[in-house]
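A quick write-up on the structure given underneath.
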Amino acid sequence: MYKTLKEVTQIAEELNMTIGAFNTHNLEMLPEMIRAAKEKGAPIIIQTSIDTAKYIGYDLMVAVVKEIANTEMVDVALHLDHARDFNEIKAAIDAGYSSVMYDGSHLPFKENIAKTKAVVEYAHAKGVSVEGELGTIGGTEEGISVAEDDKVYTRPEDAVEFVKQTDIDALAIAIGTNHGQFKSKTEVNIPLLKEIHAVVDVPLVIHGGTGVKEEDYPELINNGIRKFNVGTELLVNWTKVAKESFGETEVNKSLRHNVIPANLAVKEIVKHKIGLFMNVDSPLAMQK
Ligand code: 13P
């Protein structure tokens, strides 16, 4: 079924698990991502950047996700990732995205609150969930981690104020992760996560999931991470496998031969991650 971010993170809270939020880059990989969730028996969040949403088309993206969610009978939320442009956020909401992220993390604190609040008002009136962000989630170039000095970690007292003032449904926090980190792994600041979790009562979100060590997942889940973003690992592996296939296949062979192996590589990663996200302590995991 087609769900909101709020609905799927509520399931995660009840079962002490986290929901995988996977970035799709094209329509080819999308069905296998959702089928991976179906095979694991877990909800999934499909997310797109604005650029991917525009490349595919907001309406088409919504139609495809709804269709697969309904026919495969899987709980799927469709989320707009890292949006700063209110017009694009409106376009996503009006087209039927079930959640959006307003990323005001680059703004002064008060401005971040004011702009996030405006998005929440628009979104909630249409039944759409909103994720906000506080602190700086690092970026990487070709897998090389950003300097520690450039990171601004989320301060627990700011998080309390931010959640109270904005009425967001989920909060992305900066605890040492970096976007696009696929050659190395980061050190997540678990003590800081525990401090934030102790004072904030909305679901917490990890960005830059590709660079997080899998052995850290249980601690993250047990301390309130209810949405876990993974993008780069899917992108890198789809591209690797597609390159190999395109390199080996005759030019007049159906494109299926090049694209299906890449889609299946993504499916296997999504299944593997969801298995870990279901957490060994979760009742849902124990049924499997
Ligand atoms: P990675 O691409 O580093 O996995 O991060 C995904 C993400 O956080 C999207 O917002």
Side-chain angles (χ1 to χ4, degrees), residues 5 8-9 18-26 29-30 33 36 44-53 55 61 77-85 88-89 92 97 99-106 116 119 129-146 150-154 168-189 193 203-214 216-217 220-221 225-240 265-266 268-274 276-277:
L5 173 66
V8 294
T9 51
T18 194
I19 309 295
F22 298 97
N23 291 73
T24 190
H25 293 265
N26 59 22
M29 61 174 80
L30 180 58
M33 292 163 78
I44 187 171
I45 299 164
I46 297 294
Q47 52 190 16
T48 67
S49 63
I50 288 176
D51 286 346
T52 299
Y55 155 61
M61 191 65 209
L78 176 60
H79 178 80
L80 186 70
D81 195 21
H82 285 289
R84 291 182 174 174
D85 179 335
E88 295 298 341
I89 290 173
Y97 270 56
S99 71
V100 293
M101 174 184 193
Y102 175 69
D103 176 3
S105 59
H106 58 296
T116 305
V119 170
S129 311
V130 179
E131 174 185 338
E133 179 178 324
L134 261 189
T136 312
I137 293 158
T140 57
E141 252 177 275
E142 298 199 275
I144 300 152
S145 182
V146 290
D150 295 340
K151 291 181 186 169
V152 180
Y153 288 86
T154 305
I168 47 169
D169 303 291
L171 177 67
I173 51 170
I175 54 168
T177 60
N178 308 297
H179 286 114
Q181 184 174 8
F182 70 97
K183 289 185 180 160
S184 59
K185 293 289 168 193
T186 195
E187 288 305 321
V188 283
N189 189 334
L193 171 63
L204 302 175
V205 183
I206 276 286
H207 281 247
T210 299
V212 177
K213 289 180 240 158
E214 291 186 344
D216 287 339
Y217 291 5
L220 294 168
I221 296 166
I225 297 296
R226 301 291 172 232
K227 174 174 181 274
F228 198 117
N229 290 5
V230 180
T232 302
E233 192 167 342
L234 308 183
L235 172 67
V236 167
N237 284 285
W238 195 93
T239 306
K240 263 191 199 162
V266 164
E268 284 314 306
I269 298 167
V270 173
K271 276 176 73 175
H272 170 72
K273 294 288 178 196
I274 289 178
L276 299 172
F277 292 160

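On a predicted model such as this, the values are computed, not experimentally measured, just so you know. As the structure lists them, so they are numbered: ligands from 1, and atoms in each ligand from 1.
- Put simply, the side chain of K273 never gets that close to the backbone of E268: no donor and acceptor are under 3.5 Å apart.
- Checked by distance only, ligand 1 and V230 stay at 3.5 Å or farther apart across all their nitrogen or oxygen atoms.
- Residues satisfying the salt bridge (Lys or Arg N to Asp or Glu O under 4.0 Å) criterion with D216, sequence neighbours excluded, are absent altogether.
- Put simply, the side chain of R226 gets close to the backbone of I221: a donor and an acceptor are under 3.5 Å apart.
- Under a 4.0 Å N-O distance rule, the pair E187/K213 qualifies as a salt bridge.
- Taking both residues in full, the closest heavy atoms of Y97 and M61 are given as OH-CG, 3.3 Å, listed atom of the first, atom of the second, then distance.
- Below 4.0 Å from some heavy atom of T232 lie the following atoms of ligand 1, by number and element: 1 (P), 2 (O), 3 (O), 4 (O).
- Distances between N or O atoms of G211 and those of ligand 1 include no value under 3.5 Å.
- Under 3.5 Å, the side chains of T18 and Y217 contain no donor-acceptor pair of N or O atoms.
- Considering backbone and side-chain atoms together, T210 places an N or O closer than 3.5 Å to an N or O of ligand 1.
- Checking only distances, H207 does come within under 3.5 Å of ligand 1, N or O to N or O.
- Of all the heavy atoms in V230 and F277, the pair that sits closest is CG2-CZ, 4.1 Å.
- Those atoms of ligand 1 that come under 4.0 Å of a heavy atom in G209, given as number and element, are 4 (O), 5 (O).
- If you number the atoms of ligand 1 from 1 as listed, the ones under 4.0 Å from a heavy atom of N23 come out as 6 (C), 9 (C).
- Each of the atoms 1 (P), 2 (O), 4 (O), 6 (C) of ligand 1 lies under 4.0 Å from some heavy atom of G231.
- When non-hydrogen atoms are compared, ligand 1 lies under 4.0 Å from neither the backbone nor the side chain of I206.
- In this structure, CD in Q47 is found 4.0 Å from CG in N23, a value given to the nearest 0.5 Å.
- The two residues I89 and M101 make their nearest non-hydrogen contact at CD1-O, 4.3 Å.
- Counting only heavy atoms of the protein, atom 10 (O) of ligand 1 lies nearest to D81 OD2, 2.7 Å.
- At a heavy-atom distance under 4.0 Å, only side-chain atoms of H82, from C-beta outward, approach ligand 1.
- Protein heavy atom closest to atom 8 (O) of ligand 1, with residue, atom name and distance, is G208 N, 2.8 Å.
- Between atom 3 (O) of ligand 1 and the options G180, S49, A21, the minimum heavy-atom separation is to G180.
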